[in-house]
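Just below is one structure, and these are the notes that go with it.
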Amino acid sequence: MITNKKILVDLLTEISNHYQTISLEQLANRYGYTKQYLSSLIKKISGQTFIELRTRKRLEQAKYLLTSSDYSIAEICDLVGIHNLNSFYTKFKKQYHIMPSDYRKKNYLDDHFL
């Protein structure tokens, strides 16, 4: 029998590896669950929804790209799988309490002058 911890590790790995395009339906099909069951299982064992987990991974990658690349914010938004720029700004600000452009400026200065 597969444990909840093993399932969570597997699901988080899938989300981490395919965060740009993965959907709950794809995960459910891959693991042989219904979308509804997998959604409630993810919430039960992680405390977060599938969307929250995927968004967190997308924003982590965006944060990395902001400080390690010259991609525009619009390009980064698209690269991480968030295809609405306004939505990206809102989610980034909510998660990190700073706008993406301000985060990039602050970390550029920190990386080059500290």
query: Going from CD on Gln61 to NZ on Lys63, what distance comes out if it is rounded to the nearest 0.5 angstrom?
result: 12.0 Å
query: Among pairs that include at least one residue of residues 45-57, which meet salt bridge (charged side-chain N to carboxylate O under 4.0 Å, His left out), considering only residues two or more places apart or in two chains?
result: Arg56-Glu60
Looking only at heavy atoms, which two atoms of [X] and [Y] are closest? And how far apart?
X	Y	answer
Gln26	Ile22	OE1-CA, 3.2 Å
Leu27	Phe50	CD1-CE1, 3.5 Å
Cys77	Asn84	SG-O, 3.9 Å
Gln48	Leu53	OE1-CD2, 2.8 Å
Arg58	Thr21	NH2-N, 4.2 Å

message: Which Ile, Leu, Val, Met, Phe, Trp or Tyr residues join Tyr64 in one cluster when any pair of side-chain heavy atoms under 4.5 Å counts as a link?
response: Tyr19, Leu59, Leu65, Leu66, Tyr71, Ile73, Ile76, Leu79, Val80, Ile82, Leu85, Phe88, Tyr89, Phe92, Tyr96, Ile98, Met99, Tyr103
message: Is the shortest side-chain heavy-atom distance between Arg104 and Ser69 below 4.5 Å?
response: yes
query: Do Ser16 side-chain atoms and Leu12 backbone N/O form a donor-acceptor pair below 3.5 Å?
result: no
task: Give a yes or no on whether Ile51 and Leu8 share a hydrophobic cluster (residues Ile, Leu, Val, Met, Phe, Trp, Tyr; joining criterion: side-chain heavy atoms under 4.5 Å apart).
output: yes
message: Please tell me whether Leu38 and Val9 are part of a single hydrophobic cluster in this structure, the criterion being side-chain heavy atoms less than 4.5 Å apart.
response: no
query: Parallel, tilted or perpendicular: which describes the rings of Tyr33 and Tyr37, with under 30° parallel and over 60° perpendicular?
result: tilted
